[in-house]
Amino acid sequence: MNLTPRLLLKKLLVLPDVHHLELIQPMAGTLEFVLLCFLGIAIVSTALALLHQRSNPALARRFALVITPRLSAWVTLGVLPIMTLIVLLGQLVYGSQFGIFPAIVKISPLAGLGLLALWRYRQCECRIAGTIGVLATLGFALPFVNLLEMLHWPERWPFLNPLVPNIYDVQGVVRALIFLVSAVLATGAALLFRGFVWSESRMAEDAPERALTRIWALSLTVLGAVALPALVVWDSAILPVGAQSFHALAMGAPLLVALWLTALLALALLCEPTKLCGAPLVVLLVFTGLACETTRENFIQSTALADKTALVRMQAEEQFAKLQMDQESHYTSNVPLDPKAGERIYAEKCSACHAFDHKVVGPAHKDVLPKYVGQLDKLQAFILAPQKVDPAFPAMPAQGLSRREARAVADYLLVRLATETKGGAQ
Amino acid sequence: MKKLLLLALTGYFALAGLLVFGLHFHYNVYAKRQIQPIQFPHATHINKVGLACTKCHITVTNSPAASAPPLAVCMECHTKAKLDSPEIKILTKHWTDKEPVEWSKIHQLPWHVRFNHKRHIAANVDCSVCHGEVKTMLQVHQVRSLEMGWCVSCHRENNAPTDCWTCHK
Amino acid sequence: MNRRDFFRILGASTGAALATACDQKVSSKLVSQLTAPKLLPGEADSVRSTCRECPAGCGVLAKVRDGRPIKLEGDPANPLNRGALCMRGQAALSRFYHPNRLRTPQQRDAVTGEFRPIEWDAALATLASVLGKTSPDRQPIFLSSRVTGSDSGLIDDFCQKRDITRRPDFEFYSHAALRQANTLVFGRHALPVYDVKQADLLITFGADLIETFLNPVQFAQDLAVAKLKWIHVEPHLSLTGVNSDERIVVRAGSEAWLLAFLAGELGVTAAQAAEQTGLKTVRITELANHLKQAKRPLVIVGGVATATENGGLAAVLGAVLQQTHRMPVTWAEDDRVGSLTDLVALEQQLAAGKVSVAFFHNVDPVTYRPTFGAALGKATFRVGFGDMLNATLAGCDLILPLSHSLEIDGAAPPFGDTRSLADVLQKLGATIRPARQSILAEAGDVRAYLANAKLAPATRAERTLVMTPSIRTYDGRSADLPLLSEIPDPLTTVTYGAWVTISEPDAAALGLKDGGIVDFAVSGKNFQLPVRLMPAHPTGVLTVQRPFLHGVTLPVTAAGEELAVASITLTAPAVAAVALPFLSGGMHAEGRGIVPGLEHKHDHEHPHEPAAEHVNKTLYPKHEHKNYRWGMAIDLERCTGCGACVAACYVENNIPLVGRDEHVAGREMSWLRIEPFVNETGEFEMLPMMCQQCDNAPCEPVCPVNATYHNREGLNAQVYNRCVGTRYCSNNCPFKVRRFNWIDHPVAQPVDLMFNPDVSKRPKGVMEKCTFCVQRVVRAKDHAKDEHRLVHDGEVTTACAQTCPAQAIVFGNMLDEQSQVYRASKLERTYRALEELGVEPAVYYLKAQRES
């Protein structure tokens with residue numbers, strides 16, 4: 001078989017292999033984590049920066065610099081995940097009538113525009129760019145979150161237009177709130193990190209905006225950490241039946257612990273204006289918590305899509321089995337079969353429903369085989385693709401034999417028929 | 001003051017944790033998976049044996065109520081097939097002891113809903129639309145929410161009656 | 001965002017997620033039977049059986065779902081009732097599920113006197129040993145209620161083999177006078193069957209054709225189709241009387257005088273007859289002329305007329321009239337029913353200690369004659385066959401529980417360890433043999449009889465008490481069934497408890513209102529009962545239903561019937577009035593046009609124009625109906641007000657029984673009620689009123705949650721699970737046909753097995769009402785859709801229409817111009833209730849033709 005690049009691409013992108021399928025969900029989950037954190041931080045930090053630009057430019061600068069203005073970061077953390085996610089999500093719902101793939105494609109220009117504008121804002125502090133950026137990115141992020149939420153409801157796909165945000169159910173609203181609160185939480189942690197932990201961007205001790213930055217960072221963290229559990233519980237309670245899973249609930253435990261510790265620590269730090277010793281831990285806990293939340297979402301997604309993926313997996317397996325059979329028969333049809341193979345296969349598979357001299361489920365062989373005497377090919381073809389012949393008997397199901405196996409069984413059957421009739425006649 | 005805040009915060013998170021833990025008992029999907037009297041694998045029977053849904057679930061085509069197939073249908077093949085399996089041994093015991101098999105009902109509609117299977121089959125609604133891809137399931141579980149909004153959406157799309165009394169009488 | 005989404009986003013979803021866990025219990029097991037059952041799930045089997053709530057014995061078809069009968073309908077193939085079933089018949093199903101049914105044989109412990117359960121083998125062994133003991137001057141006897149056919153033959157064989165005397169079967173209302181009269185005049189010892197359809201003039205004396213006389217279902221059916229003038233003569237007010245074309249009130253006991261005059265016997269003149277009956281002489285001669293001019297007259301005598309001192313004579317005179325005019329009288333099958341005289345003889349035999357073993361089969365003489373109870377104690381051993389404990393069984397030593405006819409006929413597995421009579425007697429050695437005996441008897445000498453007959457004068461007391469059977473409980477045997485207390489007495493609309501019916505002037509004279517207590521004595525026993533005022537009730541007469549008079553033994557007439565008339569003195573003691581549960585708000589139509597033609601005189605001053613032309617008073621667009629528009633037509637001329645439809649509705653729709661206190665509070669639960677209306681001249685109209693399924697229903701726009709709406713087939717739909725119980729709909733309904741579940745109605749086991757699975761049980765806080773049996777409609781549409789067609793006319797019918805003996809109710813598709821209901825709705829005498837309100841009901845009433 002000629003594996004052209006086109007064929008390879010087709011196989012990888014359109015027809016997922018069983019092993020591919022198992023990888024897609026965790027890959028998608030990781031990318032979602034990265035993308036949502038990034039987008040969330042970008043939106044919230046820019047929004048806060050814009051808010052303070054007139055009153056406190058230094059503080060605004062702090063907010064803006066949570067994400068580096070380096071283009072490479074924006075591309076790696078913003079653009080590339082979107083592109084990859086488009087492909088992955090498309091594969092996840094391959095074969096269903098759900099247009100999530102074209103939907104994301106349609107809204108990704110907004111993401112592009114938004115990310116560009118936000119990056120520009122960091123470069124030049126142009127307020128227009130910042131506003132456009134915030135609005136455009138939000139305009140991408142909220143529908144995107146909504147689309148991800150729709151993945152929990154495969155039963156609704158025939159009726160949903162993926163581009164129309166699903167705000168008619170609380171689930172959509174709760175998901176959006178979770179995103180926003182996570183964004184706030186992440187921004188707080190990122191601000192803390194950039195301002196007080198990361199050596200390169202750490203603020204000077206005497207920087208005028210230090211105290212304010214500190215308060216903002218910690219407050220955002222506390223706010224996020226306290227608001228998120230309620231939303232997570234609410235979300236868990238209103239999950240549809242198809243998406244309920246034990247693992248998703250189990251992820252709630254580390255999530256809550258992380259958030260609890262975050263809240264405690266951040267509050268403690270807030271109360272002590274000078275200390276900053278737990279700041280790295282806070283950051284670590286926040287991102288652990290967010291990772292737990294994304295993993296929880298991932299578990300929910302995979303449970304909700306389990307039905308669909310199981311079908312796709314089954315179809316993939318069938319396709320590959322067929323492929324294998326074709327290959328096998330192409331390459332090995334000249335190799336002689338084990339002479340006992342036909343008898344073995346008969347005993348394994350056929351004797352459940354057939355006997356030679358009486359009806360079991362299917363007809364007795366002595367009644368139906370005589371017409372195949374001298375027609376080995378025809379009998380082999382029938383065994384490979386059985387049709388309903390006699391209305392008195394149920395249809396014979398396909399036994400999944402390869403061509404060679406079928407030939408061996410056919411051979412065995414005819415030989416045995418010959419010996420039995422000869423013996424009977426005698 | 002600090003102590004109070006600490007207590008309040010801990011209490012809040014503890015409550016959240018308890019609720020999350022409590023939801024485990026409220027979730028019914030995976031809880032139901034283990035309690036069938038015989039582990040009947042739909043996947044095997046549909047894929048390997050090639051049975052159609054209505055070969056065994058006969059009453060869906062001619063009755064408003066669905067039912068589990070009678071044991072006689074199982075015994076058509078299983079007097080001979082796969083006799084070594086422990087599940088078949090349980091089945092055979094039920095048959096010889098003349099004891100009906102009580103399956104746990106997975107798809108349960110509340111008392112105020114009357115669902116007519118025959119009409120849906122007659123309208124060519126595929127079984128997998130409501131029951132999921134049963135051919136992939138080794139044990140049947142519920143994958144659709146079976147909520148009214150979902151039912152009504154499909155009814156609206158397909159010009160089926162949306163009169164309340166169609167289902168609520 | 002619309003209202004619905006607003007409610008959602010308000011946060012109902014979490015509550016809903018939790019609430020689904022708190023559902024009512026649904027079956028959570030799916031059972032694989034061994035082999036495919038012959039009935040598809042959801043389909044009903046049909047089993048033939050017999051109703052035993054009165055001696056008529058109508059044939060029923062039991063609808064059996066999942067091995068339990070859930071509804072009884074008349075058997076269309078049975079010539080007695082031809083598909084109809086009366087109120088008692090519909091309620092008979094609840095006897096099968098009665099929690100008080102005896103489940104095992106009971107034997108009285110010799111020491112403590114208490115009953116203890118025993119096994120059948122032990123019981124039969126006891127029986128065999130008791131029968132084995134003979135004594136020289138004592139004899140075993142067998143007393144049964146009316147049995148015919150193979151059961152009767154079995155009893156005969158048993159009695160013969162064991163040397164037991166079979167006494168005449170005991171029925172309290174045995175029509176003994178009629179049997180005697182028929183033997184004397186026609187030479188037939190049997191009950192008569194009257195072919196009302198053939199007559200053009202029907203004169204009934206006391207015979208309550210609609211209520212309990214012989215076969216009320218058959219009479220109602222025949223009267224509905226017969227074209228005749230019907231004159232009813234009675235001393236009181238009865239449902240039969242109000243249904244007749246002309247009701248003549250006479251003094252109690254004077255019927256024989258009138259009959260004598262009409263028959264030209266005993267030398268009674270018109271003046272004498274007038275004097276005795278209290279009528280004008282002109283009236284009497286008019287009646288005689290009617291009789292002469294009629295081509296095919298029919299005279300029926302029975303009920304109160306034969307239960308007086310002159311009762312036997314009245315029956316004979318009636319038979320004479322029937323013979324001379326060759327009236328269409330035929331004969332019912334033979335039975336062994338005796339009279340009260342026979343029972344009195346048995347009582348004397350018992351009291352004299354001449355009875356060894358006494359067998360009682362399905363019979364309760366102690367309730368009707370308490371003196372019998374005392375005499376019963378003198379027998380050596382008493383064996384009772386029955387299904388529930390009654391006064392007689394309570395006095396027995398051995399009680400053998402009988403299976404219900406539904407169990408015997410295979411509609412359901414038996415509840416408890418009951419057997420049929422046939423099983424028991426066969427175990428004791430009897431064999432089945434035919435029990436037919438000739439009804440031919442030697443006719444007597446009518447002339448001699450009449451020559452010796454003496455007419456007693458009619459009762460002229462200041463107050464006469466007339467004791468009648470009950471349409472709800474017959475002779476009291478159906479009082480065990482609570483459904484029959486829940487459904488009101490059709491004429492007075494009283495539900496629970498006993499009462500006495502009194503005329504309005506009499507009540508005013510005593511200063512009594514409904515519920516006020518009167519005191520009177522009958523046969524030495526004092527009774528204090530609440531009164532119910534009835535318009536058009538004759539003054540000086542009080543009516544009471546005989547089953548309400550407990551523990552009194554009344555004298556037996558010469559003809560063998562219990563005296564149904566007594567002179568009493570009535571006092572109103574200083575006892576507080578009780579709250580009498582009656583359901584009629586008022587029997588005067590008050591010019592509202594609910595029943596046209598019954599306007600009171602004063603309304604003619606401000607004439608009411610019910611529905612000359614009405615304007616559609618709605619702002620909403622007209623409804624479009626696709627394929628079906630369900631409608632109903634009720635012919636008030638045919639409707640007798642018997643209440644069979646009400647009972648059928650209760651059983652079909654799982655309507656809960658709410659009890660006395662709720663009725664006193666005005667919270668009845670019946671979806672269909674019979675409203676009696678009367679005008680000043682005493683003309684009654686019985687109006688069946690149910691949800692009118694109005695096109696412009698006032699109840700629909702006011703529901704805040706849209707639990708009630710108009711569906712595409714013209715029905716006003718009520719969705720139970722959506723209703724939140726604001727009751728605004730009921731507030732708006734001008735017909736007041738909506739019923740609210742104020743309380744939960746738990747039922748004892750096994751009554752919960754009686755529920756129709758096609759109809760939801762409504763929980764507390766939910767509004768319900770007549771649905772035109774939409775469950776039947778849905779089923780019919782389902783079957784029709786399988787065959788790719790629409791439902792034909794007559795294919796689906798509501799429970800009320802199905803059971804109506806008079807076939808007064810017709811249900812069908814108004815869009816089908818060939819349907820019965822469409823054609824009925826276009827008749828000239830058709831109107832709709834409260835038409836001027838513009839609600840456009842889907843129920844059409846056909847006015848009774850009334851001579852004004």
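Order of the sequence lines sets the chain letters (A, B, ...), proteins ahead of strands, with each chain counted from 1.
Atom NZ of C/K785 is separated from atom CG of B/N116 by 9.5 Å, given to the nearest 0.5 angstrom. The distance from the CG atom of C/N721 to the CE atom of B/M148 is 8.0 Å, given to the nearest 0.5 Å. Of the inter-residue distances, the one linking B/T59 atom OG1 with C/L39 atom CG reads 12.5 Å to the nearest 0.5 angstrom. A distance of 15.0 Å separates CZ of C/R762 from NE2 of B/H112, quoted to the nearest 0.5 Å.
Although no hydrogens or angles enter the test, the distance criterion places no donor-acceptor pair under 3.5 Å between the side chain of B/W95 and the main chain of C/L34. The backbone N or O of B/V101 sits nowhere less than 3.5 Å from a side-chain atom of C/S32 that would complete a donor-acceptor pair.
More than 12 heavy atoms of other residues, nucleotides or ligands sit less than 6.0 Å from atom CD of B/E157. The neighbour count for C/Y728 OH, taken as heavy atoms of other residues, nucleotides or ligands under 6.0 Å away, does not exceed 12. Within 6.0 Å of atom CD in C/E787, more than 12 heavy atoms from other residues, nucleotides or ligands are found, so the atom counts as buried in its surroundings.
Of the listed residues (B/S67, B/P161, B/A72), the greatest number of heavy-atom pairs within a distance under 4.5 Å of chain C belongs to B/A72. By number of non-hydrogen pairs under 4.5 angstrom with chain B, the leading residue of C/A707, C/P41, C/S760 is C/P41. Considering only heavy-atom pairs separated by less than 4.5 Å from chain B, the leading option among C/E43, C/Q33, C/E713 is C/Q33. Ranked by heavy-atom pairs under 4.5 Å with chain C, the first of B/P64, B/P37, B/S63 is B/S63. Ranked by non-hydrogen atom pairs under 4.5 Å with chain B, the options C/D758, C/V778, C/T35 are led by C/D758.
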